[in-house]
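Protein chains get the first letters and strands the later ones, always in sequence-line order, with residue 1 at the start of each.
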Amino acid sequence: MAAETERRWRNILTSQMIPEACGEGKLSEPSTARAAASSPELLAASRCILAIDMDCFYAQCEEIRHPHLKGRPVGVQQKMLVITSNYAARACGIKKGDSLQVVREKCPEITICNGEDLTFYGELSQRAFDVAARWSSKVEKLGLDEVFVDVTELVAERFKALEDPGACLRLASTGHEYPKESESGRSEVQEVGQADWKDLDDAHRCWARLALASEICREIREAILSEIGLTSSAGISVSKQLAKMVSSWKKPSQQTLFLPTADRLGHLLPDDLAVQKVPGIGFASTQKLHELGVRTTGEVLSAVVPEGEEYGRLLTEFDAGALRTMKALCLGIDASPVKASGAPKTCSVQDSFWQGPVRTDVQVRDNLLALAQKLITKIRSDERMYGYRPIPTFSLSLMHAPSSDGGAARKGRKQMQLGSFQIARQPGEQGDDERLQGQIADRAFGLFRKLVPEEPFVLHILNLQVGFGEALGAQRRLSFGASAPSATVSAAQLQAQAEGIELTDSDGDGEAGRNKTPAVSTERADAVATLVSMGFAQDRAQQALVQCGDVPRAVEMLLADGPSSPPAHLPHGDVSSRAEKRQRLSCPVPEASGAIIDLLD
DNA sequence: AGGATTCAG
DNA sequence: TGTTCTGAATCCT
């Protein structure tokens with residue numbers, strides 16, 4: 001049987017091995033020798049992580065927003081720079097930070113879109129996130145255009161088939177395999193049965209899992225493309241770091257699998273790699289390392305030996321924990337989990353005044369009004385994606401001009417609890433936003449006054465930030481707070497209220513509503529509709545109302561109930577207030593890899 | 001809690 | 001290549 005296994009898997013060891021150029025598997029190179037130390041543990045780890053990032057995201061969004069631009073050169077402008085462009089534009093030689101002028105020279109027929117309003121990008125980003133969330137509960141946002149997906153469980157489920165003695169999995173990877181130069185496509189199919197699996201070493205098992213993960217990755221990217229119209233590139237490996245590092249190896253619209261063998265690690269993380277190329281080592285750490293004369297991963301690794309001479313010098317700039325993680329990253333070891341991203345916890349807007357600083361109370365007041373408007377717009381966008389949430393905190397921060405005597409620029413921040421305030425929905429006239437804007441600006445100015453009691457001052461940055469609370473708790477207080485007896489709130493009223501938002505004084509602790517009479521039968525339908533609009537299933541809403549009598553108690557019961565209300569493994573499902581979002585809760589996890597996995601008897 | 005730093009896109 | 005703005009995490013007090 002061992003011979004059989006050998007025959008089936010030989011081509012992985014040969015054809016998958018990295019080209020001879022990097023040492024033929026010999027461990028003579030220092031980087032490869034170090035990689036040999038970390039490789040076994042990486043291969044034994046069973047995680048499968050995808051790093052998916054959208055190709056030239058903003059430009060693609062503009063092509064979707066303006067379909068007639070599809071395939072024509074498109075640039076996205078912020079301030080006076082073209083921050084990104086699609087591949088048609090890049091074909092004319094347009095680079096990332098080119099000025100508007102340069103871009104016009106290189107490509108006169110280009111269409112320039114204004115990319116300062118991120119609202120639309122944010123909504124497409126969320127849709128892509130939602131697609132990925134159908135495959136795994138562990139999806140982590142990284143900016144607007146990237147996600148990490150942990151598909152370990154899904155992969156493990158597929159391999160459970162091997163518990164059946166007669167079963168056989170047919171496996172092939174999809175896309176590229178770093179660092180092999182070959183056509184993108186599918187690797188040779190490998191067949192593995194139960195007995196084979198037992199004989200396989202860690203490297204082969206790891207490859208098998210990642211091959212399956214690569215097929216899942218292709219499915220997710222395909223869904224994002226067909227349902228949203230976004231192409232993406234991706235990396236597949238055993239950690240976020242490694243997946244991310246190979247995700248951009250082949251672009252656009254391609255994916256790359258990275259199997260962490262010693263030789264491949266040596267290739268991906270050579271000794272002479274500049275430290276700032278390692279994800280996780282950022283600007284500040286790079287500066288400190290440079291001051292210590294350390295510029296490459298190899299230099300980090302030789303310096304970070306606890307007994308060595310250089311270690312003491314490193315400790316002057318970093319703590320021991322930071323050094324450990326830095327060392328691990330340079331070895332390609334990253335145990336950080338994929339953290340399921342939920343709705344954003346904060347929302348902030350900021351204006352800067354570098355050339356014309358803000359010097360008077362009147363100017364502050366005007367600029368705070370402008371910021372308040374931006375803030376309302378952003379909160380509205382947040383509501384569309386995540387539903388209504390309370391806003392318990394509000395803060396203003398600012399940066400002064402550097403003091404004239406050469407001192408550093410002072411920063412300031414003042415936060416207030418909105419304990420006596422809450423965001424409430426009011427039967428909405430259209431003019432409400434203007435009042436809200438004024439109220440926010442008033443609060444902000446109050447904070448500003450505490451921070452800067454009097455003129456003169458010279459400000460370069462003003463920033464407003466709100467902090468969100470839990471969604472459903474909010475819905476309860478929002479809709480059934482002290483002033484509104486729950487049983488009298490109809491779904492129609494709720495709908496009307498959804499049009500407006502107002503910052504109002506809250507006059508109580510929210511308990512008064514609970515003492516009102518329970519809903520009577522004629523109002524039951526409205527109460528059910530209310531609960532449904534909050535994302536609960538209709539039948540469960542009815543049960544809860546029968547048992548509890550009124551809406552607030554029903555909400556509490558449904559929340560406490562756990563698994564039968566929104567499944568825990570689907571992020572955001574619980575914050576949705578719209579039936580449409582509710583739908584995806586019942587969306588089944590897609591069958592993975594039907595094309596390449598067959599159960600044979 | 002909230003202030004400062006850090007990292008990332 | 002770097003800058004600006006936004007969001008999250010972590011450490012420190």
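The phosphate of C:dT3 (OP1 or OP2) has no side-chain N or O of A:Trp354 nearer than 4.0 angstrom. Under 4.0 angstrom from either OP1 or OP2 of C:dT6 there lies no side-chain N or O belonging to A:Ser348.
Put simply, OH on A:Tyr121 is 17 Å from P on C:dC5, counting in whole angstrom units. Separating the CG atom of A:Asn114 from the P atom of C:dT4 is a distance of 18 Å, rounded to the nearest angstrom. Summarising the geometry, the separation between CD1 on A:Ile379 and P on C:dT6 is reported as 13 Å, rounded to the nearest angstrom.
The side-chain contact (heavy atoms from CB on, under 4.5 Å) check on A:Asp150 picks up A:Arg47, A:Ile49, A:Lys138, A:Thr152, A:Val338, with sequence neighbours excluded. Here A:Asp351 pairs with A:Phe353, A:Leu371, A:Lys374 under the side-chain contact (heavy atoms from CB on, under 4.5 Å) rule; sequence neighbours left out. A search for salt bridge (Lys or Arg N to Asp or Glu O under 4.0 Å) contacts involving A:Arg449 returns A:Asp361, not counting sequence neighbours. Every residue meeting the side-chain contact (heavy atoms from CB on, under 4.5 Å) condition with A:Thr346, not counting sequence neighbours, appears here in chain and number order: A:Gln465. For A:Asp442, the salt bridge (Lys or Arg N to Asp or Glu O under 4.0 Å) criterion is met by A:Arg365, not counting sequence neighbours. Residues passing the side-chain hydrogen bond (donor to acceptor under 3.5 Å, both in side chains) test with A:Arg127: none are found, sequence neighbours excluded. Applying the side-chain contact (heavy atoms from CB on, under 4.5 Å) test to A:Lys106 and every residue at least two apart in sequence or in another chain returns A:Ile94, A:Lys95, A:Asp98, A:Val102. With sequence neighbours excluded, the residues satisfying salt bridge (Lys or Arg N to Asp or Glu O under 4.0 Å) with A:Glu310 are A:Arg313. Applying the ring-ring contact (aromatic ring centres under 6.0 Å, His included) test to A:His400 and every residue at least two apart in sequence or in another chain returns nothing.
Looking only at distances, a side-chain donor or acceptor of A:Thr297 sits under 3.5 Å from a matching main-chain atom of A:Pro270.
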Nucleotide N/O of nucleotides 8-10 of chain C paired with protein N/O under 3.5 Å:
residue : atom : partner  : partner atom : Å
C:dA8   : OP1  : A:Lys345 : N            : 2.9
C:dA8   : OP2  : A:Thr346 : N            : 3.2
C:dA8   : OP2  : A:Thr346 : OG1          : 2.8

Which atoms of nucleotides 11-13 of chain C (N or O only) lie under 3.5 Å from a protein N or O atom, and what are those distances?
none

So which protein N/O to nucleotides 5-9 of chain B N/O distances come out below 3.5 Å?
residue : atom : partner  : partner atom : Å
B:dT6   : OP1  : A:Lys288 : NZ           : 3.4
B:dC7   : OP1  : A:Ser285 : N            : 3.4
B:dC7   : OP1  : A:Ser285 : OG           : 2.3
B:dC7   : OP2  : A:Ala284 : N            : 2.8
B:dC7   : OP2  : A:Ser285 : N            : 3.4
B:dA8   : OP1  : A:Gly280 : N            : 2.2
B:dG9   : OP1  : A:Lys244 : NZ           : 2.4
B:dG9   : O3'  : A:Asp145 : OD1          : 2.6

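If you find the closest nucleotide of DNA chain C to A:Leu118 and to A:Leu81, the one lying nearer the 5' end belongs to A:Leu81.
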